[in-house]
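In what follows, a structure is listed as structure tokens, so that the remarks can point back to it.
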There are 2 protein chains.
Amino acid sequence: MATTPAATPPLLRRVNASKLLGVLSTAGVMTGTGLIEATGLTRATVHAVCNDLIAMGWVVELDPGHDAPGTPVGRPSRRFEFNSQAGYVLGIDVGAAKTTVLLADLRGDTVAKAGRSFAEVRTPTEQTEVVNQAVLETLAAAGVSDQEVLAAAVGIAAPVDRDGNILVDDEFWRRFDAGLTARLSELHGWPVLLENDANLAALGERWRGQAREVDDLVVLLAGERFGSGLMDSGRLLHGSRGGAGEMVYLKMVEGVGDTAGIARTARERGAKAVADPVVQTSLRALAGDKPVTAELVFAAAASGDQVALGILDEVTTRTARVVATLAILFNPELVVIGGAVAEAAKSLLPSISEQLAGFTATPPRVAASSLGDAIVSVGAVRRALNYVEEHALDLQLRARRA
Amino acid sequence: MATTPAATPPLLRRVNASKLLGVLSTAGVMTGTGLIEATGLTRATVHAVCNDLIAMGWVVELDPGHDAPGTPVGRPSRRFEFNSQAGYVLGIDVGAAKTTVLLADLRGDTVAKAGRSFAEVRTPTEQTEVVNQAVLETLAAAGVSDQEVLAAAVGIAAPVDRDGNILVDDEFWRRFDAGLTARLSELHGWPVLLENDANLAALGERWRGQAREVDDLVVLLAGERFGSGLMDSGRLLHGSRGGAGEMVYLKMVEGVGDTAGIARTARERGAKAVADPVVQTSLRALAGDKPVTAELVFAAAASGDQVALGILDEVTTRTARVVATLAILFNPELVVIGGAVAEAAKSLLPSISEQLAGFTATPPRVAASSLGDAIVSVGAVRRALNYVEEHALDLQLRARRA
DNA sequence: GAATCTAAATTTAGAATCTATATAAATCAA
DNA sequence: TTGATTTATATAGATTCTAAATTTAGATTC
């Protein structure tokens, strides 16, 4: 009947241990005195908690020594360090055309990376197999066993609710294998979390991107697809069925913004240019036999092609309108634009910012992502680390450094 | 240095007392055994906590008796009840044209109500004075003293951030007195919380309106103004400067949706109708000397006036578009339409719902508010009660029933 | 009316945890 | 070697919980 268990004395230890571990996981080597200051606990408690954490494998004790660089007086301190090799996490980006897998230690530092194209993939089962190959590659490269992996997070281009379920069954989201997470978990034994790719992008940007210290954030993912991750007060928004931030149905972004849309527009304009020999464009040639990709359009624009430039101008104008709408409705402090289109949009950020000022009373800052291709997989690593931090004191470690 | 204080044994009592009080505040009379089941605590702890809460004034003990209606066997139970008269809260709606004040007990039941028009108000100071008159009226009517008031919440039609500050300084939001909360607090001694009116409407709908049990919610306030309150996973969104859900700058709602916009449109159409005697409309007469209000348009539409009906049709079409945009971006389970326009829109809900289905994969339910005029003030009461619940164990009560 | 039954209340003992204080340890400097 | 200094550890006391034993208050039975 009771929703949460009763608060008993061991809860105190849990709370204090969790807090101390949180401090250690972001700081470097710390002494007992340093932990007293950082946590507000007394010396006796700090040492008791540290002893517990060392026994569990979360913390390693270094040789005693002095902390301050000044005159070393008094008994040397015990020195504690978060054991970043106590386990590993996987961040997996399952995109439309390819997958990216990051294996990271508990500090979040990448220890191995792998990617695979989905070009040969025909069925969902094959897709899962390809993802698994990339996973195995990272584990082998770093010499990490399944027992050492504490969690994995997978990002997909579909709405995912708070419980990691895909509730929307729709043609737009049919491209991936709904059994992916169950299959990976079954094969390897580690928990696999599922999350929307744009949401993970938001986590990534806030952790290691442009949005550090930012609590109210919109990340616009403009790459293979056009979507957004929304964060209010540091919390991701999901909506009732995981659809928060999705824009597939938004009229204003119809067909433009993602790379497929750009390529299609380029093919049309290229064909039109064939009929009008006055217009000089490299897209005309491309419209024939070779497939026109968004990358080719970016390249053409970079070398001054007028038609390509016109297409990108249109893309950024539409992007600006979307940013304005999101900025008005969510009032974020910052909007980060990520994905393949981000690179091209970078030079247009000032004009987007300028347009924004006219639309809202408190326009957000606008920035381009610097995480590039890894925007989703880095966020997935962060998601997996969040899970580990939440469950740290319940997890059984198989530590390397003891 | 430490952000939160260390967890010490007294924290356990706080946690358990808070949980038990939460159970009692929503349930009716409860026995010790009932509380054991509801909280998961042991009998000894339940009684210890109850004794504490009785001493503090939050709980009253009734004569012992048997709970179950069956054969009464064994020692009679002690019976506990939340002391809903332990204090009172105020919910204050400061609108553009008037203010509504609710005085409620700790269960949230209204014990007094008052309203005042701002028609005679010229300055912000005068406005505060009028609000204060309404407050005094409720206190006098219920015979409640300032000492018994534990908190008040004020709703205004402007962005308010999480700390209750108005950060946006803009012509749209200049209508009220920025010193209102400080003044009330100074006059009466109770804490005064400030919050955006649409956000309060969302709290109100979730508490006592159409959105009970709904965690992902949008409330569209279409009355004196057009704004929305957004809730994700039961939490209100604010954005970085309190602007989340504001739509003043949204092109798609420009000038229509609020009552002032409706009145203006009506005046224009009325004037046009004067020039075209073929059109039959009561608005023509109204366009002359008397001021045309939205209420008159609603009334005219109700009696079949074609021009008025045309205006309302336009309003609902635009409303539908806004609902669709919010539904796509936030993926709520439910959209509640409240405010003066809500009544008129009620009959058009089915068609709005229908349009929505074409726009989104998982369209939300759409409902009209049943809280009427009180939508914001009821939410303000809920906001104040939330504050009281959060701070219950720190507050010094001046109980009536001891 | 006394004994018995029952469920609840209360008391007691034990465990976990914290703080505060006292004691011990390790290092440098004189 | 002794003293100063800082840190680590041990001990005592307080708070709070659980679990088990005991008491209590009313209903039922003999």
Side-chain angles (χ1 to χ4, degrees), chain A residues 2 4-21 29-56 59 61-81 393, chain B residues 2 4-21 29-56 59 61-81 393:
Chain A
T4 43
T8 58
L11 175 69
L12 298 175
R13 178 54 59 93
R14 275 189 77 87
V15 170
N16 289 327
S18 184
K19 183 197 231 171
L20 197 152
L21 190 58
V29 176
M30 291 203 78
T31 64
T33 307
L35 288 169
I36 290 167
E37 285 168 12
T39 61
L41 303 170
T42 57
R43 176 159 254 116
T45 306
V46 163
H47 282 113
V49 168
C50 281
N51 290 339
D52 280 5
L53 292 174
I54 288 167
M56 283 192 262
V59 170
E61 184 164 5
L62 283 61
D63 289 333
H66 287 285
D67 198 24
T71 42
V73 185
R75 177 175 175 170
S77 312
R78 289 176 70 183
R79 296 189 304 159
F80 306 99
E81 188 178 21
L393 302 177
Chain B
T4 43
T8 58
L11 176 69
L12 298 175
R13 178 52 60 92
R14 275 188 77 87
V15 170
N16 288 327
S18 184
K19 183 196 228 171
L20 197 152
L21 189 59
V29 176
M30 291 202 77
T31 64
T33 306
L35 288 169
I36 290 167
E37 284 168 13
T39 61
L41 302 171
T42 57
R43 177 159 255 116
T45 306
V46 163
H47 283 112
V49 169
C50 281
N51 290 340
D52 280 4
L53 291 173
I54 289 167
M56 284 192 262
V59 170
E61 183 164 5
L62 284 61
D63 290 334
H66 287 285
D67 199 23
T71 41
V73 185
R75 179 174 174 171
S77 312
R78 290 175 70 184
R79 295 189 305 159
F80 306 100
E81 188 178 23
L393 303 177

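Letters A, B, ... are given to chains in the order of the sequence lines, protein chains preceding strands, and every chain is numbered from 1. Not measured: the values here are computed from a predicted model.
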Between the protein and nucleotides 8-12 of chain C, list every N/O to N/O distance that falls short of 3.5 Å.
{"unit_1": "C:dA8", "atom_1": "OP1", "unit_2": "B:T33", "atom_2": "OG1", "d": "3.2"}
{"unit_1": "C:dA8", "atom_1": "O5'", "unit_2": "B:T33", "atom_2": "OG1", "d": "3.4"}
{"unit_1": "C:dA8", "atom_1": "O4'", "unit_2": "B:R75", "atom_2": "O", "d": "3.3"}
{"unit_1": "C:dA9", "atom_1": "OP1", "unit_2": "B:R78", "atom_2": "N", "d": "2.6"}
{"unit_1": "C:dA9", "atom_1": "OP2", "unit_2": "B:R43", "atom_2": "NE", "d": "3.1"}
{"unit_1": "C:dA9", "atom_1": "OP2", "unit_2": "B:R43", "atom_2": "NH2", "d": "3.2"}
{"unit_1": "C:dA9", "atom_1": "OP2", "unit_2": "B:H47", "atom_2": "NE2", "d": "3.4"}
{"unit_1": "C:dA9", "atom_1": "O4'", "unit_2": "B:R75", "atom_2": "NH1", "d": "3.3"}
{"unit_1": "C:dT10", "atom_1": "OP2", "unit_2": "B:R78", "atom_2": "NH1", "d": "3.1"}

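- B:D52 places its CG atom 12 Å from the C1' atom of D:dT15, with the value rounded to the nearest Å.
- Contact check, A:T45 against C:dT19: a side-chain N or O comes under 4.0 Å of OP1 or OP2.
- To the nearest 0.5 Å, the span separating OG on A:S77 from CG on A:L62 amounts to 12.0 Å.
- A donor and an acceptor atom, one from each side chain of A:T45 and A:R13, are nowhere located under 3.5 Å apart.
- Evaluated for a side-chain hydrogen bond (donor to acceptor under 3.5 Å, both in side chains) with B:R78, the options B:T33, B:N51, B:D63 yield exactly one hit, B:N51.
- Here the C1' atom of nucleotide D:dC17 and the NZ atom of B:K19 are 13 Å apart, to the nearest Å.
- Across the protein-nucleic acid pair, A:M30 atom CE and D:dT7 atom P stand 13 Å apart, rounded to whole Å.
- Between the CZ atom of A:R13 and the C1' atom of D:dC17 there is a distance of 16 Å, rounded to whole Å.
- Atom pair A:L35:CG and D:dT7:C1' shows a separation of 13 Å (rounding to whole Å applied).
- Closest heavy-atom contact between A:F80 and A:T31: CD1-C, 4.4 Å.
- As the counterpart of D:dC30, C:dG1 is assigned, both hydrogen-bonding distances of the Watson-Crick or G-U wobble pattern falling under 3.5 Å.
- Within the 4.0 angstrom heavy-atom criterion, no nucleotide atom of any strand lies near A:A48.
- The CG atom of A:L62 sits 13 Å away from the P atom of D:dA8 (whole-angstrom rounding).
- Between the B:K19 side chain and the A:A7 main chain, no donor and acceptor come within less than 3.5 Å of each other.
- Nucleic acid contact for A:T8: sugar-phosphate only, since backbone atoms but no base atoms lie under 4.0 Å from a heavy atom of the residue.
- The nucleotide whose nearest atom lies closest to any side-chain atom of B:P10 is, among D:dC17, C:dC18, D:dT15, D:dT15.
- How far CG of B:N16 is from CG of B:L21: 12.5 Å, rounded to the nearest 0.5 Å.
- Taking 4.0 angstrom as the limit, B:N16 places a side-chain polar atom (N or O) nearer than this to OP1 or OP2 of D:dC17.
- Summarising the geometry, atom CE belonging to A:M30 is positioned 12.0 Å from atom CD belonging to A:E81; distances are rounded to the nearest 0.5 Å.
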